[in-house]
Amino acid sequence: MNQLACGHAAPHAGHWCVHLLDDDDAGHHVRFTGQGVHHDLLCQDCARVALPGQQFKSICVDCQHVRLGHSSALMGIIGRPQVRTRTTGLHFEHREQSLPPLAGQSLRAITALGSLPGSLWLAVNAHGELLRLDLDEGSLARLGSVGAETLDLSARLALHVSPCGRYAAVVNLHGARGLVLELATGRVTMTLDRGSYHETRCEFPVAFFRDGTRTLLAHASTWNRLDLSDPATGELLTPREPGGRGRPGEPMPRHERDYFHCGLTVSPDEAWLVDDGWVWHPLGILTTFSLRRWVHENVWESEDGPSLKHLRECTYHWDGPRCFVGPRALAFWGFGGDADALLDAAMIHDVETGKLLRWFPGPRGEFRCDGNLLLASAKDQGTSVWDVETGEQLHQDPTVVPTAWHPAARRFLTVMPDGLLRESSLSGAAW
């Protein structure tokens, strides 16, 4: 196989103008050819006008992905990629369940309960009551409550349940405070407070995970610090000296970051944590780091540890759709480097190395994973189903606009009026 201009012998992925070969840090434009995701990369001058004698060189897939992974260097997009489809027998099957006690109630948040495939859900209503919904049995049970003295029950709430099913965290999604409860007793085991510095700009960072036999909680304790706690007792497991910003014009203290921690996502093997935060100007920076190192080796791992990687930088965009599609593979929405010019797409990165693995155009909305399928749900188009490996759209149902997803049961839940709940699950062959 002949050597390409990048110095590698591999199938070429596209072309670069010769000017980009001489400057690894130069900004670039992406020009799509209209054939799948095939595209060329151009410097600013070459993108401005088709210059006579313009020269291009063939580049391998890996080098193309390295350049695309530097989304902050993307200066513009020319044309559009081709969204590919494949006909399959996939379709959604629905089951409706009426729970009369829910009639007239407003569910402020709902999420899957437990890691078993049964149809168990946890919800919080407008009165702050925690409700266990068993749609296989058609039953409802009250587990406890959260008070208005801690949470603003009129604002958006978010629910997080531990993998062991013993604990739940209830937080104001864009607020400063939250609670952790033991579900068996309804007892509040700890309170959460991330402070009131731009807290309305991003989601409250909180996530449960298991470390061996222990259940732990990652959560924000101020705008630029994450901590680990034992949800059973509230014990702080990452004690560190108090941080500070220093005086104007002085550098940040050692280990401190000028970074707003936002929505958190734990990898399926519970080894990595993804943080979709931002920094001033504002610039969204999607980061990842090792939970094992944070728990066992370095309490500063979330600030500047060696496992910390930046996956994407994007102006004015953070807390976007994202989900894991493999033990190390994170899919997140949006091709591009600016919130005003993002293309609908799934970008798939390796969270350990930070490298772009592959990407495909088309998905939009909230991301969920079902085996080798990516499910994207948006209010204006329903739910579309995508093959993670090939990037093809396999099915779309405009009627499925779900409220929540149960990964163990592999089904959506849609909360409907008058206590009616609808479950939707995929059926049929994908091949």
Side-chain angles (χ1 to χ4, degrees), residues 146-147 149-152 155-162 167-182 187-211 214-246 252-266 270 272-280 282 284-305 307-308 318-319:
V146 295
E149 68 276 3
T150 301
L151 297 173
D152 181 356
R156 291 184 66 187
L157 300 176
L159 263 175
H160 302 266
V161 176
S162 64
Y167 308 101
V170 189
V171 299
N172 278 122
L173 185 63
H174 295 110
R177 304 178 72 186
L179 295 170
V180 178
L181 300 96
E182 183 180 57
R187 178 176 61 93
V188 174
T189 60
M190 61 182 295
T191 58
L192 304 172
D193 192 337
R194 63 165 166 169
S196 56
Y197 184 58
H198 295 292
E199 79 283 0
T200 62
R201 302 293 183 181
C202 57
E203 295 179 4
F204 196 117
V206 59
F208 290 99
F209 67 97
R210 287 172 295 200
D211 178 63
R214 296 188 302 170
T215 293
L216 303 179
L217 180 69
H219 60 96
S221 54
T222 186
W223 65 276
N224 67 338
R225 175 170 292 191
L226 291 179
D227 272 309
L228 284 173
S229 295
D230 181 345
T233 63
E235 178 190 0
L236 178 65
L237 304 177
T238 47
R240 290 163 283 181
E241 63 266 23
R245 293 176 58 86
M252 293 285 286
R254 184 170 180 261
H255 295 305
E256 291 295 316
R257 298 178 67 199
D258 192 16
Y259 180 84
F260 291 82
H261 295 287
C262 302
L264 304 179
T265 306
V266 176
E270 300 176 279
W272 297 87
L273 188 67
V274 173
D275 186 346
D276 202 353
W278 64 282
V279 300
W280 287 110
I285 304 180
L286 189 67
T287 66
T288 179
F289 61 90
S290 167
L291 285 171
R292 298 293 175 259
R293 283 191 54 84
W294 195 25
V295 174
H296 298 287
E297 300 179 34
N298 180 20
V299 294
W300 296 102
E301 194 69 23
S302 61
E303 281 80 13
D304 54 11
S307 70
L308 189 70
W318 54 88
D319 275 337

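Bear in mind that the values here come from a model prediction, so they are computed numbers and not experimental data.
Side-chain contact between His160 and Phe204: absent, with no pair of heavy atoms (C-beta onward) separated by less than 4.5 Å. Within the 4.5 Å cutoff, no side-chain heavy atoms of Pro282 are placed close to those of Phe260. The side-chain heavy atoms of Asp211 and Leu291, taken from C-beta on, include no pair separated by under 4.5 Å. Using a 4.5 Å heavy-atom threshold, the side chains of Trp223 and Asp258 count as touching. Under the 4.5 Å side-chain criterion, counting only non-hydrogen atoms from C-beta, Phe289 is in contact with Leu273. With contacts defined as side-chain heavy-atom distances shorter than 4.5 Å, the pair Met190/Glu235 does not qualify. At least one side-chain heavy atom of Leu226 sits less than 4.5 Å from a side-chain heavy atom of Leu264.
Asp276 places no side-chain N or O within 3.5 Å of a backbone atom of Cys262 that could act as its donor or acceptor partner. A donor-acceptor pair is defined here as one N or O able to donate and one able to accept, closer than 3.5 Å; no such pair exists between the side chain of Arg194 and the backbone of Pro205. No donor-acceptor pair closer than 3.5 Å links the side chain of Glu199 to the backbone N or O of Ala176. Side chain of Arg156 to main chain of His174: no donor-acceptor pair is present (N/O by atom type, distance under 3.5 Å, no hydrogens or angles). In this structure, the side chain of Trp272 does not engage the main chain of Ser290 through any donor-acceptor pair within 3.5 Å. Checking side-chain atoms of Ser229 against main-chain N and O of Leu217 turns up no donor-acceptor pair under 3.5 Å.
Asn298 contributes atom CG, which lies 13.0 Å from atom NE2 of His296 (distance to the nearest 0.5 angstrom). Going from atom CH2 of Trp294 over to atom CG of Leu237 covers 9.5 Å, rounded to the nearest 0.5 Å. Here the CG-CG distance, from Asp230 to Leu216, works out to 7.0 Å after rounding to the nearest 0.5 Å. Atoms NE2 and CG, on His198 and Asn224 in that order, are 12.0 Å from each other to the nearest 0.5 Å. The line from CG of Asp152 to CG of Leu173 is 12.0 Å long, rounded to the nearest 0.5 Å. Remark: Asn172 CG to Thr200 OG1 distance equals 12.0 Å, nearest 0.5 Å.
The nearest pair of heavy atoms linking Cys202 to Trp318 is CB-NE1, 3.7 Å. For the pair Ala169 and Val206, the tightest heavy-atom approach, listed with the atom from each and the gap, is CB-CG2, 4.1 Å.
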side-chain contact (heavy atoms from CB on, under 4.5 Å) evaluation trace for Arg293 with Trp300
CA-CA 9 Å; Arg293 283 191 54 84; Trp300 296 102; over 6 Å; no
Steps toward salt bridge (charged side-chain N to carboxylate O under 4.0 Å, His left out) verdict (Glu303, Arg257):
CA-CA 6 Å; Glu303 281 80 13; Arg257 298 178 67 199; over 6 Å; no
For the pair His219 and Val171, evaluate side-chain contact (heavy atoms from CB on, under 4.5 Å) and give the outcome as yes or no after the intermediate values.
CA-CA 11 Å; His219 60 96; Val171 299; over 6 Å; no
Report the C-alpha separation of Arg240 and His255 in whole Å, then their side-chain angles, then the decisive distance to 0.1 Å, and conclude whether the side-chain contact (heavy atoms from CB on, under 4.5 Å) test is met.
CA-CA 10 Å; Arg240 290 163 283 181; His255 295 305; over 6 Å; no
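Between the side chains of Ser307 and Glu301, at least one donor N or O lies within less than 3.5 Å of an accepting N or O. Between the side chains of Asp227 and Thr238, at least one donor N or O lies within less than 3.5 Å of an accepting N or O.
Residues that satisfy the ring-ring contact (aromatic ring centres under 6.0 Å, His included) test with Tyr259, not counting sequence neighbours, are His261. By the ring-ring contact (aromatic ring centres under 6.0 Å, His included) test, Phe208 pairs with no residue at all, sequence neighbours left out.
Atom CZ of Arg201 has 12 or fewer heavy atoms from other residues, nucleotides or ligands within 6.0 Å.
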